[in-house]
Amino acid sequence: QGFANFRQHTIYLGGLQLLLAAFAVGCWLKARGQETGDRGQESGLGVECSLDSARSPWLTDVPFWVGVWVVGLLLAFGRHAPVYRLFYSLPYMSFLRAPVKFIRLVELATAILAASGLAGLMQPGARRWRGWTIGAGVCAGLALLAALWAGGADAAIRQTLEPMRLAPAAALLKGNLVRALLHGAFACGVAAALFFLRGRLRHSVLPILVLAAAWLALDALLVNRRFIMGWDLGPIYRDNVVTRRVLDTMPHGAAFANHG
């Protein structure tokens, strides 16, 4: 906040979305391990998925979208990652102006993986949610600690921004950092609550769906509200020379004039 958005794009994935995506990957790995004969061995992921097959409808595409996520992220790094040099050498790929736009593939893959994770969360018979609850809680705690550190790290932040000539905006950027970390901490806390409720509510998923939907809607509002602005449509529908001419010369001109 505090800067005009001249880049025409933003990058935001969401704490809850990332943890649900990680849960989908964990379920796929667990199911895959069961398929290869490791049914009695724990995977260390802290979850036992209710479906026995990695070919289950909500798990089938997980490996593909993980691949899209990884490749998209590496390409979005541009020259800061070695793989982009190979991609850039392909015919016509050198015409791409902004490799950061590959982050759109990461966002799409995150959304689909998160949906798969939420579908897995809804499956009956799943057990051992303690590990995921603790993991999400740890993420929330780390983000909160980072926010507390950033709140008192004026000198360190200013020193980091000096080479980029952004030191005059250090206070503003520090505030943005603290708010972002607190937002992430709350999102991870919501994820921890979802995993905890799933372990407690064995036969009811409605509270989990309501909590997830409520946070996702609030999350979208909080992140995008500074990009939302009202637009006065009055001048578009105001009487003018053109609309009067259309109404005078065309028998059915009223409809056109209303939108002109």
Side-chain angles (χ1 to χ4, degrees), residues 1-25 65 69 72-73 76 98 100-122 132-154 157 160-161 166 169-198 205-233:
Q1 297 183 11
F3 295 93
N5 180 29
F6 297 118
R7 296 181 60 84
Q8 298 181 353
H9 62 267
T10 58
I11 300 172
Y12 179 76
L13 299 178
L16 175 60
Q17 295 88 319
L18 287 173
L19 287 173
L20 287 175
F23 177 73
V25 175
W65 289 109
W69 198 96
L73 183 63
V100 71
K101 292 187 181 296
F102 280 106
I103 203 69
R104 297 293 173 245
L105 297 177
V106 178
E107 293 171 340
L108 177 62
T110 300
I112 294 176
L113 289 172
S116 298
L118 186 60
L121 203 64
M122 300 298 103
W132 286 94
T133 303
I134 294 174
V138 168
C139 291
L142 290 176
L144 182 59
L145 289 175
L148 293 176
W149 171 86
D154 298 63
I157 293 175
T160 303
L161 295 175
L166 291 174
L172 177 61
L173 292 173
K174 185 193 80 169
N176 289 342
L177 176 61
V178 171
R179 282 190 293 271
L181 289 170
L182 290 176
H183 186 96
F186 194 86
C188 292
V190 172
L194 288 177
F195 291 125
F196 176 79
L197 288 174
R198 188 63 186 90
V205 298
L206 182 60
I208 299 173
L209 286 174
V210 170
L211 178 59
W215 169 249
L216 291 175
L218 180 61
D219 189 30
L221 175 62
L222 293 175
V223 171
N224 295 293
R225 61 180 177 177
R226 69 190 184 98
F227 301 112
I228 301 173
M229 61 185 67
W231 187 18
D232 183 15
L233 299 179

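Heavy atoms only: backbone and side chains are in, while hydrogens, waters and symmetry mates are out.
The two atoms that bring G117 and A24 nearest to each other are N-CB, 3.5 Å, heavy atoms only. In terms of heavy-atom proximity, M122 sits nearest to I208 at CE-CG2, 3.5 Å. Considering every non-hydrogen atom in both A147 and V178, the closest pair reads O-CG2, 4.0 Å. For the pair V106 and L73, the tightest heavy-atom approach, listed with the atom from each and the gap, is CG2-N, 3.3 Å. Closest approach of A114 and L20 over heavy atoms only: O-CB, 3.7 Å. Smallest separation of non-hydrogen atoms from L161 and A170: CD1-CA, 3.7 Å.
Between L194 and L19 there is no side-chain heavy-atom pair separated by less than 4.5 Å. Taking 4.5 Å as the limit, some side-chain heavy atom of F195 sits within range of a side-chain heavy atom of L121. L145 is not listed as a side-chain neighbour of W149, based on a closest heavy-atom distance of 4.5 Å or more. Residues L144 and L181 form no side-chain contact, since every pair of their non-hydrogen atoms from C-beta on lies 4.5 Å or further apart.
Environment of CH2 in W65: crowded, with over 12 heavy atoms of neighbouring residues, nucleotides or ligands closer than 6.0 Å.
The distance from the CG atom of L105 to the OG1 atom of T110 is 10.5 Å, given to the nearest 0.5 Å. The CD1 atom of I11 sits 7.0 Å away from atom CD of E107, with the distance rounded to the nearest 0.5 Å. Atom CG of residue L211 and atom CG of residue L16 lie 8.0 Å apart, to the nearest 0.5 angstrom.
Ring orientation note: the planes of W215 and F186 are tilted relative to one another, at an angle of 30° to 60°.
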Evaluate side-chain hydrogen bond (donor to acceptor under 3.5 Å, both in side chains) for Y12 paired with D219, printing each intermediate quantity in order. CA-CA 11 Å; Y12 179 76; D219 189 30; 2.7 Å; yes
